[in-house]
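Every number for a ligand or one of its atoms is a count from 1 in the order of the listing.
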Amino acid sequence: MIIVLRPEAPAETAQEILERISAKGLKPLHMPGAERVVLGALGDERILAELALDGHPMVESIKPILAPYKLVSRELHPHDTVVPFGRVAIGGRGFCVIAGPCAVETESQMRATAAAAKAAGAHGLRAGAFKPRTSPYAFQGHGVEGLKLLRATGDEFDLPVVTEVMETGDVEIVAQYADALQIGARNMQNFSLLRAAGRCGKPVLLKRGMSAKVEELLLAAEYLLAEGNEQVILCERGIRTFETAMRNTLDLNAIPYIKQKTHLPVLVDPSHGTGVRDLVIPMALAAAACGADGLLVEMHEDPAVAWSDGAQSLYPEGFEALMAALAPVAAAVGRQLA
Ligand code: PEP
Ligand code: MN
């Protein structure tokens, strides 16, 4: 429920109402604005009704938050959230490109790939140290050694780093080395992992599950915000459909839809979204055109020898071509490829 106070309401009124909300066991929210103070009350709807604030002389209006995801909803928070990622801002007017290999492999692979990413104008570096692989016999990632190598590479090339966390017990160590934690498609509804990441103090990049509806993605994000973490970035990475010609079907409908429903920034991953290198650049441009706040893209110094996802990884030259092509597209939709 959203409670808008009258412009002349004194600070004590807000305090008094917030205490009434807490006393009922509901979650109180305080959102002071330039002209009016807005309060929120979250929780069981029957108890919300008992608050009986309609008669309060300092209450201007009360309206329910209709979306099931309350904190994530634009109804509660009309302005875009900008999430800090190292010194980079995700959301707002900028368009942010995070590039890197699927997995941390070797020091020379990481340094060569990061050098190419930086030279072409990437804003951040991605690479997995804990890899969710379909087969238990495939390369599973270097674990903590991979985190260290990623951190060192990010520092050397002055790029903030994002990497996946798969287990609740690893949240702390990943948060120690990374500027943002990635929760992958396979873990989008791992609720204990979401709760732990919601308490980690670092931004979280939450990818859409391969069979998840947008509402389920937004409710998964609600878990993070409900634990107190407002630094959440969503990521569309393709879904499973009847189409098998490509690895996934990149759902670009979801981008303007998600932007209408939530204040959180949303990235597009055209690498997992297509699974096909030649489709990555056109879909990345389409993502920028339809309002995404940035890209998460796989790029490898030599995709032919990549330990995972080589077929969808751009060559450094391809990444450079992408960055050159992106600038006018971003500008055309009012975004800056800073
Ligand atoms: C990845 O980003 O390397 C990855 C495993 O992504 P997803 O969770 O979207 O499959
Ligand atoms: Mn990958």
Side-chain angles (χ1 to χ4, degrees), residues 85 96-105 109-110 113 117 122 124-136 138-143 146-147 150 161-167 170 174 178-190 193-194 197 203-212 214 216-217 220-221 232-241 246-252 254-255 258 266-277 279-280 283-284 287 292 294-315 318-319:
F85 172 45
C96 172
V97 181
I98 304 171
C102 181
V104 178
E105 298 169 11
Q109 169 249 11
M110 285 304 294
T113 307
L125 181 65
R126 61 143 292 147
F130 296 97
K131 294 303 303 175
R133 304 306 301 280
T134 302
S135 163
F139 173 56
Q140 305 282 308
H142 289 308
L147 293 178
L150 175 64
V161 299
V162 59
T163 194
E164 181 160 353
V165 59
M166 288 166 51
E167 295 194 25
D170 291 333
V174 176
D179 296 295
L181 276 62
Q182 176 172 323
I183 294 188
R186 292 156 191 81
N187 270 314
M188 188 204 83
Q189 284 187 318
N190 181 337
L193 180 61
L194 291 169
V204 175
L205 173 64
L206 177 63
K207 298 187 89 174
R208 180 178 179 183
M210 59 185 85
S211 304
V214 169
E216 291 165 332
L217 170 65
V232 175
I233 306 143
L234 305 172
C235 182
E236 162 61 41
R237 48 76 73 203
I239 51 173
R240 286 259 169 100
T241 66
M246 292 145 284
R247 183 175 180 183
N248 288 297
T249 297
L250 186 63
D251 180 11
L252 290 186
I255 303 306
I258 288 172
V266 56
L267 303 185
V268 167
D269 173 349
S271 309
H272 294 86
T274 61
V276 184
R277 180 180 310 113
L279 303 183
V280 170
M283 295 317 290
L295 300 171
L296 182 70
V297 59
E298 286 185 342
M299 190 261 278
H300 193 287
E301 54 142 345
D302 186 1
V305 299
W307 297 7
S308 60
D309 284 349
Q312 67 192 32
S313 297
L314 292 176
Y315 282 85
F319 183 67

Heavy-atom contact under 4.0 Å between R208 and ligand 1?
no
Within the supplied structure, the quantity of interest is the number of heavy atoms (other residues, nucleotides, ligands) at a distance under 6.0 Å from R240 CZ; does it exceed 12?
no
Do you know which N/O/S atom name in D309 is closest to the Mn ion (ligand 2)?
OD2
Heteroatom proximity flag, K131 to ligand 1, N/O under 3.5 Å
yes
Can you tell me the angle formed at the Mn ion (ligand 2) by SG of C102 and NE2 of H272, to 10°?
170°
Report yes or no: does R126 contribute a side-chain atom to a donor-acceptor pair with the main-chain N or O of V297 at less than 3.5 Å?
no
Under a 4.0 angstrom heavy-atom cut-off, which atoms of ligand 1 come close to E298?
3 (O)
Tell me whether M210 reaches ligand 1 (any heavy atom closer than 4.0 angstrom to a ligand atom).
no
Write the atom name of the N, O or S atom in E298 that is nearest the Mn ion (ligand 2).
OE2
heavy-atom search around atom 1 (C) of ligand 1 in the protein gives H272 CE1, 3.2 Å
Protein residue, atom and distance nearest to atom 6 (O) of ligand 1, heavy-atom basis:
K207 NZ, 2.9 Å
Hey, is the main chain of H142 close enough, under 3.5 Å, to the side chain of Q140 for a donor-acceptor pair?
no
Within a distance under 4.0 Å of any heavy atom of G184, pick out the atoms of ligand 1 and give their elements.
8 (O)
Working to the nearest 0.5 Å, report the span between CG of N248 and OG of S271.
11.5 Å
Among E236, E164, R126, whose heavy atom sits nearest atom 3 (O) of ligand 1?
R126
Measure the distance from atom 9 (O) of ligand 1 to every protein heavy atom, then report the residue, atom name and distance (to 0.1 Å) of the closest one.
R237 NE, 2.6 Å
Any heavy-atom pair between the side chains of K131 and M166 that's under 4.5 Å?
no
Could you tell me if H300 and D309 have a donor-acceptor pair between their side chains, going purely by distance under 3.5 Å?
no
With only distance considered, is D269 within less than 3.5 Å of ligand 1 through an N or O on each side?
no
Check: I98 and F85 side chains under 4.5 Å, non-hydrogen atoms
yes
State the NZ-CE distance between K207 and M188, to the nearest 0.5 angstrom.
13.0 Å
Is there a polar contact, in the sense of an N or O pair closer than 3.5 Å, between A185 and ligand 1?
yes
Please report the interatomic distance CG(D251) to OG1(T241), rounded to the nearest 0.5 Å.
9.5 Å
